[in-house]
Every structure is written in structure tokens, then in C-alpha cells.
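Everything below concerns the one structure shown next.
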Amino acid sequence: MKELLVIFPSMLIGTVLLCRQEMMYAIIFFMLAIFVSSYNEKSAPFYYQFVAFMGDLLARERKEKRPKRGGLAR
């Protein structure tokens, strides 16, 4: 029953993001909901792959949002 606390909001957020055509972010929430609904101990390597993917995605976002500085170097 505790799984529903993760599955329902994840599916709801994923659906909203899908409607806004934010495909990459929607897939993340759908993957989280599917993972929680089908979790067992044998799927632990998938969990680590998912966490690594999220870390890479967030690092890329931070790098892209960082403003580029122009001008002379100090």
C-alpha cells in the first residue's frame, strides 16, 4: 500500500509533463512508477542504472544553465 504513495503522484506528474510536451522529464516519472510497481530484490542493478542516469541528466542540466562569461580573464 505504501507503493501507491509513490506510484500515483509519479504517474500524475508524468502525465502533466507529457501534456506539456516535456518528454524526457515525463519518462523519468513513468520509469519511477513502473520501477516501484515491479520492484523485487533482483532488480537492484536496474535501480543503480536509473540513479546514475538521473545524476547524469541533472549534471548536464546544471552545466547547460550555467551562464557563459565573456570578456577578459582575471
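Because only heavy atoms are used, hydrogens play no part in the values below, and waters and symmetry mates are left out as well, while side chains stay in.
Under the side-chain contact (heavy atoms from CB on, under 4.5 Å) criterion, L17 pairs with I13, E22, Y25, A26, F29, sequence neighbours left out. Scanning for side-chain contact (heavy atoms from CB on, under 4.5 Å) contacts around M23 gives L18, with sequence neighbours left out.
Under the side chain to side chain contact (heavy atoms under 4.5 Å, CB included) test applied with M31, the options I28, I27, I34 reduce to a single match, I27.
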